[in-house]
Undergrad: 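I have a structure I would like to understand better, so I am pasting it below and will then ask my questions one at a time.
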Amino acid sequence: MNIDFNLLVSFAAVKAKIIPILIAVLFFGLIIIIHEVGHFLFAKLFGVKVNEFAIGMGPTILKKQGKETKYALRLFPIGGFVSMEGEEENSEDSRAYCNQKVWKRMIIISAGAVFNLILGLIICFFLVGSEELTGTREILQFYDGAVSCQQEGLAQGDEILEIDGKHVFSDYDISFLMQRNTSGTYEIVVRRNGEKITLPEVHFGKRTAGNFSYSPECVISDVSGKMKDAGLDNGDKILSVNGVSVSTGEELYAQISADEDYTYDFVLERQGQEITVSQAKLATATVVDFVLLGEETGFLTVLSGGFRYALTLGRVVYLSLFDLLRGQYGFNDLAGPIGTISVITDIAQESTASADWSSLFMIMAMITINIGLFNLLPVPALDGGHLFFMFFELIFRKKIPPKYESYIHAAGLILLLIFMAVISAGDIWKLISGRGFY
């Protein structure tokens with residue numbers, strides 16, 4: 001019997017790529033299923049007639065007709081829906097959604113988002129419980145050369161309560177809140193020896209973060225999207241930085257570290273030609289120069305730590321949305337379903353290689369909490385948009401005419417679909433080119 005080892009190697013390579021993609025689709029699909037199950041269960045609980053329960057969008061792949069409800073799997077794994085009798089139009093059926101009391105409709109429509117939040121909380125319990133130690137907010141010690149403990153700054157034993165006016169729920173909050181402020185200076189509230197103290201200006205060091213890698217010969221690799229947009233590319237050799245010639249990685253690092261503004265003029269060699277890139281702004285990150293105290297993980301620490309971690313992830317969602325609205329993030333920083341699945345696939349590939357699944361579950365918790373909170377926003381066509389009209393009905397004891405409400409939701413749906421189409425096009429372009437539209 002002859003064995004084609006090249007075929008086996010090829011099969012193993014394909015398998016190594018397909019499995020992370022299947023894991024990503026499975027995880028993303030599970031989040032969608034949980035959301036739709038929330039709507040479905042409470043609709044059934046209140047006796048509402050459900051015509052269809054679908055996972056995915058677009059053409060139907062598989063379907064099964066139940067006693068009353070059609071269950072369907074559709075082609076594109078980017079959503080799902082529960083179609084209830086009388087949801088989009090009036091119906092004479094006493095079991096129709098439109099004929100239920102407003103409080104029942106509010107529970108049904110919000111159940112999907114609530115189920116997503118519950119799933120996120122359960123994952124957070126799992127993540128905290130899987131660690132030997134649970135992080136606290138108390139500073140255990142500082143690294144050598146730490147800056148934040150100088151000039152009336154932090155001290156060993158301080159419990160960090162607030163950073164720049166934002167409450168610190170968990171140890172994860174500290175790094176996130178510090179990265180939102182790129183100045184390297186923070187107002188921090190701590191508990192020290194039982195007393196609450198405000199430290200108005202705590203200074204930290206900064207470093208460049210996630211811009212590009214380079215070889216000892218100053219050849220660039222792994223360029224971020226923003227740096228590609230600025231004019232740098234893989235394979236470029238850096239000849240000078242801000243007018244100073246560099247020939248080794250150490251010299252390049254020294255020149256990058258010397259500029260506190262992290263804005264540079266590069267002279268590059270690309271395919272035998274010299275190219276100048278002016279005023280390229282590198283992304284920076286604050287250097288957290290202390291270690292937090294960990295406590296032994298137990299039942300109570302899992303409960304409290306899981307809740308605090310879920311609160312942290314929830315706040316990451318709405319603070320990121322706020323940062324987006326105030327222009328801190330651009331279009332190229334957004335990701336739709338395709339980009340999200342791509343990110344999950346990359347993390348799944350790393351997890352299968354290392355057998356460490358914590359990063360995958362962390363991103364899953366982030367996504368499901370994100371979907372839960374986003375769906376509650378008072379935006380037409382989202383669950384929160386429907387809730388907004390129900391609150392109006394609850395307060396004024398009067399329904400907005402269904403046809404007008406349906407017009408508003410239809411317009412919102414069209415805008416959302418256009419937005420998702422543009423974001424998905426950006427996802428595809430980033431996968432193909434490795435950079436954003438602009």
Side-chain angles (χ1 to χ4, degrees), residues 117-150 152-181 186-199 202-205 285-320 347 350-351 354-370 372-373:
L117 297 176
I118 291 173
L119 174 62
L121 181 60
I122 292 172
I123 296 173
C124 288
F125 287 146
F126 168 78
L127 287 170
V128 174
S130 64
E131 300 291 336
E132 293 183 3
L133 293 176
T134 301
T136 69
R137 302 176 298 180
E138 182 180 335
I139 296 175
L140 175 65
Q141 64 184 44
F142 293 89
Y143 292 114
D144 292 340
V147 178
S148 64
C149 57
Q150 302 173 7
E152 299 182 358
L154 297 170
Q156 187 174 351
D158 283 352
E159 182 183 8
I160 300 176
L161 305 178
E162 295 179 17
I163 297 176
D164 288 341
K166 301 291 189 300
H167 183 76
V168 174
F169 294 111
S170 69
D171 54 316
Y172 301 98
D173 268 320
I174 294 173
S175 57
F176 171 71
L177 293 174
M178 290 178 67
Q179 300 315 322
R180 294 185 75 236
N181 178 352
Y186 306 84
E187 179 182 278
I188 299 180
V189 178
V190 300
R191 183 178 287 115
R192 181 180 296 172
N193 299 323
E195 183 182 356
K196 193 174 180 180
I197 298 174
T198 299
L199 306 173
V202 180
H203 301 282
F204 288 81
T286 298
V287 178
V288 180
D289 54 16
F290 54 79
V291 179
L292 294 171
L293 177 69
E295 58 184 359
E296 187 175 348
T297 299
F299 179 73
L300 292 180
T301 56
V302 168
L303 284 181
S304 63
F307 272 111
R308 288 187 280 110
Y309 189 24
L311 288 172
T312 291
L313 294 180
R315 187 168 61 183
V316 166
V317 172
Y318 82 76
L319 285 180
S320 298
I347 296 175
E350 294 174 5
S351 297
S354 64
D356 180 3
W357 299 92
S358 58
S359 296
L360 188 60
F361 281 103
M362 186 279 290
I363 195 68
M364 186 178 179
M366 171 72 79
I367 292 171
T368 189
I369 290 173
N370 192 328
L373 293 178

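Just so you know, these numbers use all the heavy atoms, side chains as well, and skip hydrogens, waters and symmetry mates.
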Undergrad: Calculate, to the nearest 0.5 Å, the distance between atoms CG and CG belonging to L292 and L140 respectively.
TA: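 If we round to the nearest 0.5 Å, L292:CG and L140:CG are 8.5 Å apart.
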Undergrad: Identify the heavy atoms of C124 and A365 that sit nearest to each other, and give their distance.
TA: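 Here C124 and A365 meet closest at SG-CB, 4.4 Å.
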Undergrad: With heavy-atom distances below 4.5 Å as the criterion, would you say the side chains of L117 and I369 are in contact?
TA: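 L117 reaches I369 side chain to side chain.
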Undergrad: Going through the checks in order, is the salt bridge (Lys or Arg N to Asp or Glu O under 4.0 Å) test met by D164 and R180?
TA: CA-CA 10 Å; D164 288 341; R180 294 185 75 236; over 6 Å; no
Undergrad: Looking at CD1 of I160 and NE2 of H167, how far apart are the two atoms once the value is rounded to the nearest 0.5 Å?
TA: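 Here the interatomic distance stands at 12.0 Å.
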Undergrad: Testing the basics here: between T312 and S170, what is the closest heavy-atom pair and its distance to 0.1 Å?
TA: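 Nearest pair, atom of T312 first, then S170: OG1-OG, 2.8 Å.
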Undergrad: Tell me whether T368 contacts the main-chain N or O of M364 through its side chain, where contact means a donor paired with an acceptor under 3.5 Å.
TA: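 Answer holds: no.
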Undergrad: Evaluate the side chain to side chain contact (heavy atoms under 4.5 Å, CB included) criterion for residues L177 and R315: first the C-alpha distance (whole Å), next the side-chain angles of each, then the deciding distance (0.1 Å), finally the verdict.
TA: CA-CA 10 Å; L177 293 174; R315 187 168 61 183; 3.6 Å; yes
Undergrad: What closest approach, in Å, do Q179 and T286 show between heavy atoms, and which atom pair accounts for it?
TA: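 Taking every non-hydrogen atom into account, OE1-N, 3.1 Å.
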Undergrad: Which value, rounded to the nearest 0.5 Å, describes the distance between E152 atom CD and L199 atom CG?
TA: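 Spacing of CD (E152) from CG (L199) equals 8.5 Å.
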Undergrad: What I'd like to find out is whether the side chain of Y309 reaches to under 4.5 Å of the side chain of M362, using heavy atoms alone.
TA: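 Yes; the side chains approach each other to less than 4.5 Å.
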Undergrad: Report the distance from atom CZ of R192 to atom CD1 of I139, rounding to the nearest 0.5 Å.
TA: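 With rounding to 0.5 Å, CZ (R192) is 8.5 Å from CD1 (I139).
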Undergrad: Are the side chains of E162 and K196 in touch, meaning some heavy atoms are under 4.5 Å apart?
TA: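 In contact.
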Undergrad: Distance-only, no hydrogens or angles: does the T297 side chain make a donor-acceptor pair with backbone N or O of E132 under 3.5 Å?
TA: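 Side chain of T297 to backbone of E132, a donor-acceptor pair under 3.5 Å: yes, one is there.
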Undergrad: Quick one: sort the F204 and Y186 rings into parallel, tilted or perpendicular, breaks at 30° and 60°.
TA: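 Ring orientation, 0 to 90° scale: perpendicular.
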Undergrad: Considering all heavy atoms of both residues, which atom of L303 and which atom of F125 are nearest to each other, and what is their separation?
TA: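 In this case the closest contact between L303 and F125 is O-CE2, 3.4 Å.
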Undergrad: Might you work through the side chain to side chain contact (heavy atoms under 4.5 Å, CB included) test for V302 and T134, ending with a clear yes or no?
TA: CA-CA 8 Å; V302 168; T134 301; 5.6 Å; no
Undergrad: Counting only heavy atoms from other residues, nucleotides and ligands, does the tally under 6.0 Å from CZ of F307 exceed 12?
TA: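 Not buried by this count: 12 neighbours or fewer within 6.0 Å.
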Undergrad: Of all the heavy-atom pairs spanning G314 and L373, show the shortest one and how long it is.
TA: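 Scanning both residues completely, I find the closest heavy atoms to be O-CD1, 3.5 Å.
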Undergrad: Quick one: do C149 and F290 satisfy side chain to side chain contact (heavy atoms under 4.5 Å, CB included)? Show the steps, please.
TA: CA-CA 9 Å; C149 57; F290 54 79; over 6 Å; no
Undergrad: Which pair of non-hydrogen atoms, one from N370 and one from V317, has the smallest distance, and what is that distance?
TA: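 N370 and V317 have their closest heavy atoms at CA-CG2, 3.7 Å.
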Undergrad: When V190 is tested against each of D158, L161, V202 for side chain to side chain contact (heavy atoms under 4.5 Å, CB included), which residue passes?
TA: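 Result for side chain to side chain contact (heavy atoms under 4.5 Å, CB included) with V190: D158.
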Undergrad: Is the shortest heavy-atom distance from the side chain of K166 to the side chain of L319 under 4.5 Å?
TA: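 K166 vs L319: side chains touch.
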Undergrad: How many angstroms lie between OG1 in T301 and CD in E131, if you round to the nearest 0.5 Å?
TA: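 So the gap between those two atoms works out to 11.5 Å.
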Undergrad: Kindly indicate whether the side chain of L313, heavy atoms from C-beta on, has any atom under 4.5 Å from the side chain of Y172.
TA: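 Side chain of L313 against side chain of Y172, heavy atoms only: no contact under 4.5 Å found.
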Undergrad: Rounded to the nearest 0.5 Å, what separates atom CD1 in I197 from atom CZ in R191?
TA: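 Taking CD1 in I197 and CZ in R191, the distance rounds to 11.0 Å.
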